[in-house]
Amino acid sequence: MDAFAGAGEYALESEEALKTGEAASGIRELAARDEADAALAPYLDAVRPWLARSAYPGSPMIMANALREGDELQLLELHPRDVEHLRRCARQHPAVHVHQRDAREGVKGLLPMQHRRGLVLLDPPYERLDEYQEVVALLEAVEARWPQAVLGLWYPLLADPARDRARQAMLDGIAASGLRRVYRQELVFDPDAHGLRGSGMLWLRPPWQAEQAFAAIGAGLLAVFGGQRGAEGWLVEE
């Protein structure tokens, strides 16, 4: 399940993408460098077909292309325009189901799935400060309904002090929630950025040996981005 699915595909030559320049200094640079290939080969192999036509796949399409026989994928997205685009992207995947639903309601309505094991990915936009606390309740709701699932939560590392406090309050709330086998990863790509400085991932019940994979991925990212931007080390903690 991808609870904040987005549009499914993004044009790298759009006016918005060109204005930020994030693709040129991010995914395109990563895909062109050999240092990261060993750790990130599955990911890079998944995104390169899109890059060849100046597009980038959202997490729904990466997951859709990784489905095995018998798997299914539930995608939740509330924005009407994004849902329309997402449905076009998912049309060729019969095991992918798109729902125009708010994640806070949709997760509770669709879980548990019939499968014993699975993955729930949460990457809210964090446009409102109270979204940080809503995430804690959402994690608890998933845990109550599908306790065997792996949970992945993305969150931004921002220069804004209020949002940084909200991020820390979210992490404190998760620590106090009683959830176990929680792993956290953070990487600051640009310590001097005025907006997005880096990204964090929090995992609940990651698969066996995932910790080694986390460390290898971090090393691969630092090999590409560390020198030019002063990127800080890859934090992995339990």
Side-chain angles (χ1 to χ4, degrees), residues 1-8 27 39-40 42-44 46-47 56-68 71-77 86 96-97 99 101-104 106-108 110-113 115-126 131-158 167 170-175 177-189 196 198-218 220-221 234-238:
M1 172 180 284
D2 192 335
F4 298 87
I27 182 56
L40 298 176
Y43 164 68
L44 293 173
V47 302
Y56 183 81
S59 51
M61 292 300 97
I62 293 177
M63 288 194 282
N65 286 322
L67 294 179
R68 304 158 302 182
D71 286 347
E72 63 175 306
L73 175 59
Q74 306 289 343
L75 303 177
L76 281 66
E77 176 55 47
L86 185 61
V96 176
H97 311 284
H99 308 269
R101 300 174 74 164
D102 182 272
R104 293 166 296 181
V107 163
K108 297 175 183 178
L110 292 172
L111 293 182
M113 293 190 192
H115 304 272
R116 183 176 179 275
R117 292 281 289 166
L119 167 69
V120 177
L121 176 64
L122 308 173
D123 58 339
Y126 298 99
E131 282 186 270
Y132 289 86
Q133 286 306 308
E134 289 174 357
V135 162
V136 181
L138 197 52
L139 287 171
E140 291 176 324
V142 175
E143 172 73 3
R145 287 164 172 78
W146 201 11
Q148 299 87 6
V150 174
L151 277 69
L153 170 68
W154 172 85
Y155 57 91
L157 303 177
L158 297 163
R167 174 192 65 88
M170 177 190 74
L171 295 174
D172 291 343
I174 292 170
S177 68
L179 296 171
R180 293 293 176 261
R181 283 203 65 203
V182 178
Y183 291 80
R184 182 164 65 102
Q185 314 157 250
E186 290 184 358
L187 179 62
V188 176
F189 289 103
L196 184 67
S199 286
M201 282 295 300
L202 185 144
W203 295 97
L204 175 63
R205 281 185 301 273
W208 182 61
Q209 293 189 328
E211 304 94 308
Q212 293 94 316
F214 295 159
I217 289 169
L221 292 172
W234 183 248
L235 165 71
V236 179
E237 69 175 25
E238 180 179 1

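We use all heavy atoms of the structure for the numbers below, so side chains are in, but hydrogens, waters and symmetry mates are not. Sequence positions, counted from 1, serve as the residue numbers for this chain.
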Would Leu158 and Leu196 satisfy side-chain contact (heavy atoms from CB on, under 4.5 Å), going step by step from the backbone distance to the final call? CA-CA 5 Å; Leu158 297 163; Leu196 184 67; 3.9 Å; yes
Any non-hydrogen side-chain atom of [X] less than 4.5 Å from a side-chain atom of [Y]?
X: Pro206; Y: Arg181; value: yes
X: Phe214; Y: Trp203; value: yes
X: Met170; Y: Val136; value: yes
X: Leu151; Y: Val182; value: no
X: Ile217; Y: Tyr43; value: no
X: Arg101; Y: Gln74; value: no
X: Asp123; Y: Leu153; value: no

Nearest heavy atoms of [X] and [Y], plus distance in Å:
X: Ala39; Y: Ala216; value: CB-O, 3.3 Å
X: Pro124; Y: Trp154; value: O-CZ3, 3.7 Å
X: Pro57; Y: Val47; value: CG-CG1, 3.8 Å
X: Ala64; Y: Val96; value: CB-CG2, 3.8 Å
X: Pro60; Y: Ala5; value: CG-O, 3.2 Å
X: Leu76; Y: Ala103; value: CD2-CA, 4.0 Å

Please lay out, stage by stage, how Leu139 and Leu204 fare under the test side-chain contact (heavy atoms from CB on, under 4.5 Å). CA-CA 9 Å; Leu139 287 171; Leu204 175 63; 5.7 Å; no
Any donor-acceptor N/O pair, [X] side chain to [Y] backbone, under 3.5 Å:
X: Trp146; Y: Ala141; value: no
X: Arg167; Y: Pro156; value: no
X: Arg145; Y: Leu110; value: no
X: Arg117; Y: Gln148; value: yes

Any chance you could lay out the side-chain contact (heavy atoms from CB on, under 4.5 Å) test for Leu202 and Leu171, step after step, and finish with the verdict? CA-CA 9 Å; Leu202 185 144; Leu171 295 174; 3.9 Å; yes
Using the side-chain contact (heavy atoms from CB on, under 4.5 Å) rule, pick out the option among Leu75, Val107, Leu122 that qualifies with Met1.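 Checked Leu75, Val107, Leu122 against Met1; only one passes side-chain contact (heavy atoms from CB on, under 4.5 Å): Val107.
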Looking at Glu140, Glu134, Glu131, which hits salt bridge (Lys or Arg N to Asp or Glu O under 4.0 Å) with Arg104?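 Looking at Glu140, Glu134, Glu131, the match for Arg104 under the salt bridge (Lys or Arg N to Asp or Glu O under 4.0 Å) is Glu134.
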As an exercise, state the distance from CG of Leu73 to CD1 of Ile62, rounded to the nearest 0.5 Å.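 Nearest 0.5 Å value for the CG-CD1 distance: 11.5 Å.
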Can you measure from CD (Glu77) to CG (Asp2) and round to the nearest 0.5 angstrom?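 Here the rounded value is 9.0 Å.
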May I have the step-by-step check of side-chain contact (heavy atoms from CB on, under 4.5 Å) for Arg184 and Ile174, ending in yes or no? CA-CA 11 Å; Arg184 182 164 65 102; Ile174 292 170; over 6 Å; no
Parallel, tilted or perpendicular: which one describes the rings of Tyr126 and Tyr132, with boundaries at 30° and 60°? tilted
